[in-house]
Amino acid sequence: MLPENYHKMMEKAVIKNLIDAVKKLYVSDVEPSDMQIQSTKKDFEGDITVVVFPLLKYSGKSPEDTASELGEYILEVNTGFTAYNVVKGFLNLQVSKTAWLDEFIRLWLSGSRYSFSEIGKDRITLIEYSSPNTNKPLHLGHIRNNLLGYSLSRILTGCGYKVYKTNIVNDRGIHICKSMLAWQLFGQGKTPSDTGMKGDHFVGEYYVEFEKAYKKETEKLVSEGLTREEAAEQSKLMHDARQLLRKWESGDKEVVSLWEKMNSWVYEGFDATYEDMGVDFDKVYYESDTYKLGRDIVNEGLEKGIFHRKKDGSVWVNLSSDKLDEKLLLRTDGTAVYMTQDIGTAVQRYNDYKFDRQYYVVGNEQNYHFQVLKLILKKLGYKWAEGIHHFSYGMVNLPEGKMKSREGKVVDADDLIDTMVITAREMSEELGKLHDYDDKEKKEIYRKIGLGALKYFILKVDPRKNMMFNPRESIDFNGNTGPFVQYTYARIKSVLRKGEDKGYAVKNISADVVLNEKECDLIKLLRRFNTVVVEAAETLNPSVIANYAYELAREYNQFYHDYTILGEENDKLKDFRICLSEYSGIIINESMRLLGIDMPERM
RNA sequence: GGACCCGUAGCUUAAUUGGAUAGAGCACCUGACUACGGAUCAGGAGGUUGGGGAUUCGAGUUCCUCCGGGUUCGCCA
């Protein structure tokens with residue numbers, strides 16, 4: 001059973017007091033919307049603040065006078081408050097310090113369970129994220145995608161949702177045929193293990209080979225006097241790639257076997273990257289499995305008159321009644337497009353899971369696509385279409401501009417992870433605090449720090465916004481960073497270890513300890529964890545948890561700096577501070593866990 | 001051109017969803033270790049929240065307009 005949140009309790013009491021006060025002092029009934037209670041900002045004295053502006057119409061007096069009269073009344077009837085002050089139109093009420101100690105004891109007794117809310121109890125939720133193409137390795141954009149999807153799944157799980165993580169692998173289409181063709185032409189039968197390359201990088205290399213050869217070919221044609229379009233049309237390479245795609249669609253044994261072989265190389269590479277990143281999936285869908293279902297559904301819709309066929313044989317949906325234009329669903333030759341397979345995948349998923357909600361973690365460049373997808377599913381009569389939602393996140397830009405995969409202007413995921421871990425190692429070796437660890441243990445710690453830095457750097461910004469990824473800043477481990485939070489945690493662990501080593505055992509928290517300002521501030525912050533997690537879940541925003549974790553770590557460091565813990569002579573106070581430290585560690589760890597960041601015990 | 005999004009210190013960003021004096025980090029300057037971890041802490045400097053107007057007790061946040069940037073509108077995915 002969860003304990004009552006003391007602060008919520010006090011807020012409720014204040015509301016009740018206000019209703020009575022207005023009735024008694026100004027003889028009127030307060031409308032609920034005029035009641036504005038919030039926690040007091042840090043720069044002001046007090047704990048709970050009443051915004052009195054909306055109440056002026058009842059009092060007919062100045063903000064200051066109204067606030068004072070209300071404060072006077074509340075202090076008289078509610079013994080929970082020890083003082084009040086008025087700043088402009090704000091009435092700040094002050095809770096006694098012993099109340100904060102009581103609050104902490106409540107938190108302490110409930111442990112980290114306190115954090116869990118049940119707002120999503122048993123609601124079946126699918127989260128689709130990652131969604132790679134199989135022609136090239138993962139890059140920085142995928143990293144943001146993966147981290148957001150994974151963190152979201154942890155946050156929602158933490159709030160009681162039944163979450164399934166899914167991935168849709170775009171394993172078929174012209175892009176993989178390009179890699180296949182280039183491998184046939186230039187590969188000389190080599191395999192990733194021959195070259196010592198990761199499979200996804202190996203296949204990606206041939207995709208680049210194709211693009212290079214294709215560019216060379218078309219430029220030659222252009223120099224011979226053709227226009228760009230004509231050159232593209234006459235390209236032998238492109239023609240052969242299309243030929244491969246057609247053969248694949250018709251089930252040509254040789255082509256399908258090559259396709260399977262090259263994709264399997266890619267999957268091996270992807271799996272390694274996912275493992276490095278620390279993300280996973282409950283179920284992986286493949287476009288090659290779902291596009292046919294999509295095609296069948298579109299054909300059904302065509303028979304029912306929901307879609308229409310043009311003279312050239314292509315199939316379209318008319319969305320003009322929704323203020324959008326027409327959208328292609330099947331090509332002239334009857335083959336599927338991107339939208340077709342997404343329809344198939346969505347239906348397949350609903351059949352598999354009967355979800356209440358499904359989130360697609362996909363970049364904001366596809367806002368239009370998902371708007372249309374939802375409309376089409378609704379037109380097809382699927383009631384569950386209301387439950388699908390595009391989790392649209394912003395692009396990752398580099399200091400030199402936008403990432404462009406075709407121009408090779410990308411930050412490779414594996415390279416980036418390696419760089420971060422290496423930086424962590426260098427910094428750690430320089431500080432030299434891990435002498436008594438063996439190499440395996442050290443390696444694990446470097447990994448935690450390097451990835452912690454990367455994950456935090458990306459997750460701390462609002463997902464909806466485009467973000468700037470400056471490599472130089474991302475490897476800074478000071479200030480508002482993942483390693484800062486990890487350091488605070490390691491520091492707490494160190495204190496706790498030291499206490500135990502000395503044979504000191506905390507008995508219990510005494511109720512007659514006198515708290516200082518810092519301790520009260522820390523408790524106030526710890527208490528907020530629950531609402532922060534709920535906010536993150538409701539707004540689908542991991543960054544609020546990242547910012548909270550940072551704020552908490554900073555607050556703890558201040559406390560740690562200003563007061564001694566193990567050196568405290570008053571045993572009751574010492575016990576309290578040890579518990580406060582341990583609990584801070586629990587909440588910091590819990591916050592970072594919701595972001596998918598592992599914490600080192602030492603670093 | 002139509003639709004949607006963004007603009008906050010030199011840089012990267014936050015702001016309890018309309019509340020108080022717009023918070024932090026990096027970089028810059030100054031100070032704090034014989035202390036439980038200095039990957040830390042304290043202080044300084046840095047802002048007309050792109051411009052203008054409207055709404056009201058109150059606007060970074062809502063509405064209009066202009067300026068600047070982005071995404072998208074493919075028989076690509």
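Just so we're on the same page: letters track the sequence lines, and every chain starts at 1.
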Using a heavy-atom cut-off of 4.0 Å across all strands, would you classify [X] as base, sugar-phosphate, or nothing?
X	value
Asp462(A)	sugar-phosphate
Asn133(A)	sugar-phosphate
Tyr393(A)	nothing
Met603(A)	base
Gln366(A)	base
Thr488(A)	nothing
Tyr550(A)	sugar-phosphate
Phe90(A)	base

Note to self: If you assign each of Asp476(A) and Pro54(A) to its closest nucleotide in RNA chain B, which residue comes earlier from the 5' end?
What the structure shows: Pro54(A)

Note to self: Quick check, does Tyr368(A) stack with A3(B)? I mean ring centres under 5.5 Å and planes off by under 30°.
What the structure shows: no

Item checked: Per-pair stack call Phe53(A) and G19(B), 5.5 Å, 30° -> yes

Under 3.5 Å for both donor-acceptor distances, Watson-Crick or wobble: does [N] have a partner, and if so which one?
N	result
A24(B)	U12(B)
G31(B)	C41(B)
A59(B)	none
G1(B)	C73(B)
C36(B)	none

When you measure from the side-chain N and O atoms of [X] to the phosphate of [N], is any distance below 4.0 Å, counting only OP1 and OP2?
X	N	answer
Lys465(A)	G70(B)	no
Lys433(A)	A39(B)	yes
Asn557(A)	C41(B)	yes
Arg472(A)	C11(B)	no
Tyr487(A)	A39(B)	yes
Arg331(A)	C76(B)	yes
Gln341(A)	A77(B)	no

Note to self: For a side chain to side chain donor-acceptor pair (under 3.5 Å) check, start with the C-alpha distance between Asp171(A) and Ser288(A), then their side-chain angles and the critical distance, and finish with the verdict.
What the structure shows: CA-CA 6 Å; Asp171(A) 60 345; Ser288(A) 55; 2.6 Å; yes

Item checked: Minimum heavy-atom distance between Ala490(A) and Arg602(A), given as atom pair plus value -> CB-CA, 4.1 Å

Item checked: Passing option when Val169(A) is tested against Asp289(A), Asn133(A), Thr134(A) for side chain to side chain contact (heavy atoms under 4.5 Å, CB included) ->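 That would be Thr134(A); it is the only one of Asp289(A), Asn133(A), Thr134(A) passing the side chain to side chain contact (heavy atoms under 4.5 Å, CB included) with Val169(A).
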
Checklist line | Qualifying residue, where the test is side chain to side chain contact (heavy atoms under 4.5 Å, CB included) with Leu552(A) and the options are Asn557(A), Val532(A), Leu525(A) | finding: Leu525(A)

Margin query: Just confirming the chi classification of U55(B), syn or anti, using 90° around 0 as the syn window.
Written below: anti

Donor-acceptor pair present, [X] side chain and [N] base, under 3.5 Å:
X	N	result
Lys41(A)	U16(B)	yes
Ser494(A)	C36(B)	no
Thr481(A)	A39(B)	no

Please report the distance, rounded to the nearest Å, between [atom1] in [X] and [atom2] in [N].
X	N	atom1	atom2	value
Glu11(A)	U16(B)	CD	C1'	11 Å
Glu326(A)	C75(B)	CD	P	11 Å
Glu365(A)	C4(B)	CD	C1'	14 Å
Asp521(A)	C41(B)	CG	P	15 Å

Next item on the list: Go through Ser179(A) and Asn135(A) one step at a time and tell me if the side chain to side chain donor-acceptor pair (under 3.5 Å) criterion holds.
Entry: CA-CA 6 Å; Ser179(A) 291; Asn135(A) 63 323; 5.2 Å; no

Next item on the list: Would you mind telling me which of C75(B), A77(B), U40(B) lies closest to the side-chain atoms of Asn478(A)?
Entry: U40(B)

Note to self: Nearest 0.5 Å, please: how far is CG in Asp342(A) from OH in Tyr360(A)?
What the structure shows: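 Rounded to the nearest 0.5 Å, the OH-CG separation comes out at 6.0 Å.
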
Notebook entry, point to check: Are Lys493(A) and Glu582(A) ion-paired here, with the side-chain N under 4.0 Å from a carboxylate O?
Noted result: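 No, Lys493(A) and Glu582(A) are not salt-bridged.
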
